[in-house]
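What follows is a short report on a single structure.
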Amino acid sequence: MDPEEERNQELELLQSMYPDEMTVISPTVFTISIYPEPPTSSNGGTLNSSNQSLLVRVEYTEDYPATAPVIELSLEQSEVSAAEEEDGNDKKVIDEPIVLDNSDLGTLNEKATHEAEDNLGMPSVFAIMSSLKDQSESILQEKQVKREQEREAKIREEDEREQAKFRGTLVGRENFIVWRKKFKAEMAALVNKDGKDEETKKRPTGREIFEKGLEGSKKGDEDDEEILQERVKTIGIS
C-alpha cells in the first residue's frame, strides 16, 4: 500500500477513536491529548483527578510507516467542569492529586521511541498512544506508593518520639551505680542538714517508747503487790 494512503487511513481511524482528544493541524501533523487515570491508595480510595493531560504531537515522516513518526510531548492542565465535579463527589476521594512533571517526560519520550521502533513498517500511532497512557499511569501510581511510604515513616517516627517520653532510661549496672552514689549523697545531705544527725540518733523510736511503757507498767504492778503483802503480814502479827 502507498505510504500516503496508509497515513490517510490511519488518520481517519484515529479521528474516530479520539473524537474529542485529537486536533488535526495538517494531513501530516496532529495532536492527541491523553488523560491518565488517577492512582489509587493502598486502602482502595481514589485520589482527586489532577485534570492534567499529556499532549502528544505527531508528525508523519515522508515514508512513514517505514520510518518512525516524530513525537513531541508536553503537559497541559485543564479546568474542572461542573459535571466532573458532581461525578467526583460520588467517589471515595482522598488526598491531593498526583501529577506528572517535566522530569517524567524523558521517561515517556523513551517509551514512545521504543514503541515506534518496535512497530516499524506498520501504522503505530495508536500503539504509541496506548503505551504512553499505560506508562503515565504507572508513573503516577509509583509516586502515590512513595507518598504513602513517606507518610507511614513519618507516623512511625512520631510514635517513637511519643513512646520515648514514657520509656525512661533502661537500668544497667553502670548507670545503677551512678544513681546509687547520687542517692546516698542526697540522703547524707538531708541527714546532716542543720547538724541534726546526732540528735536524731539519740531520739527513741516509737516502738522503743511503747516497749518501755509496758515495762514500767509491769514494774509498778509488782511494787504494789509487794506493799500489799507487807501490810497483810503486819495486820496478821498485830
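- For the atom pair CD (Q15) and CD1 (I32), the distance works out to 9.5 Å, reported to the nearest 0.5 Å.
- Between M129 and V56, the shortest heavy-atom contact is CE-CG1, 3.3 Å.
- Residues L120 and M122 fall into different hydrophobic clusters, defined by Ile, Leu, Val, Met, Phe, Trp and Tyr side chains chained together at heavy-atom separations under 4.5 Å.
- Counting heavy atoms from C-beta outward, R161 and E158 have side chains that approach closer than 4.5 Å.
- Within the 4.5 Å cutoff, the side chain of P123 has heavy atoms near those of the E6 side chain.
- Contact check for T40 versus Q141: side-chain heavy atoms found under the 4.5 Å cut-off.
- Shown here for A116 and I128, the closest heavy-atom pair between the two residues is CB-CD1, 3.8 Å.
- L132 and A112 get closest at one heavy-atom pair: CD2-CB, 4.0 Å.
- For S103, the side-chain hydrogen bond (donor to acceptor under 3.5 Å, both in side chains) partners two or more places apart in sequence, or in a different chain, are D101.
- At most 12 non-hydrogen atoms from other residues, nucleotides or ligands lie less than 6.0 angstrom from CD of E174.
- One distance of note links NZ of K146 with CD1 of I98; it measures 11.0 Å at 0.5 Å rounding.
- No more than 12 heavy atoms of other residues, nucleotides or ligands sit less than 6.0 Å from atom CD of E4.
- A salt bridge links K143 with D104: at least one charged nitrogen is closer than 4.0 Å to a carboxylate oxygen.
- Between the side chains of E10 and Y64, at least one donor-acceptor pair of N or O atoms lies under 3.5 Å.
- One hydrophobic cluster, built from ILVMFWY side chains closer than 4.5 Å, cannot hold both V24 and V70; they sit in different ones.
- With hydrogens and angles ignored, the 3.5 Å screen pairs no side-chain donor or acceptor of E137 with any backbone N or O of P39.
- Inter-residue side-chain proximity for I25 and T31 is flagged as met; some heavy-atom pair is nearer than 4.5 Å.
- A continuous path of ILVMFWY side-chain contacts below 4.5 Å connects M187 to F176, so both sit in one hydrophobic cluster.
- Legend: residues meeting ring pair (Phe, Tyr, Trp, His ring centres under 6.0 Å) with F30, ordered by chain and number and at least two apart, are Y60.
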(Q) Under the criterion side-chain contact (heavy atoms from CB on, under 4.5 Å), I'd like the reasoning laid out for L75 against L55: C-alpha separation, chi angles, the key distance, then a yes or no. (A) CA-CA 6 Å; L75 297 172; L55 184 65; over 6 Å; no

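- When every heavy atom of M22 is checked against every heavy atom of L11, the shortest pair comes out as CE-CD1, 3.4 Å.
- Between D134 atom CG and E37 atom CD the span is 11.0 Å, to the nearest 0.5 Å.
- S33 is listed as a side-chain neighbour of E76, based on a closest heavy-atom distance under 4.5 Å.
- To the nearest 0.5 Å, atom NZ of residue K133 and atom OG of residue S138 are 12.0 Å apart.
- We find the CZ-CG distance between R57 and L73 to be 11.5 Å, quoted to the nearest 0.5 Å.
- Neither V29 nor L13 shares a network with the other; the hydrophobic side chains, linked directly or stepwise wherever heavy atoms of I, L, V, M, F, W or Y lie under 4.5 Å apart, form separate groups for each.
- Nearest heavy atoms, S124 versus N119: CB-CB, 3.5 Å.
- Shown here for P69 and V58, the closest heavy-atom pair between the two residues is CB-CG1, 4.0 Å.
- S136 pairs in a side-chain contact (heavy atoms from CB on, under 4.5 Å) with only one of the listed residues (S131, P36, S53), which is P36.
- In summary, the side chains of Q144 and E148 do present a donor paired with an acceptor at a separation below 3.5 Å, with no hydrogens or angles considered.
- The CG atom of L54 lies 11.0 Å from the CD atom of Q135; values are rounded to the nearest 0.5 Å.
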Q.
Is there a side-chain contact (heavy atoms from CB on, under 4.5 Å) between I139 and L108? Walk through the geometry before answering.
A. CA-CA 9 Å; I139 291 173; L108 293 169; 4.1 Å; yes

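- Residue F183 is not grouped with residue I177 when hydrophobic side chains (ILVMFWY) are merged at heavy-atom distances under 4.5 angstrom, including chains of intermediate members.
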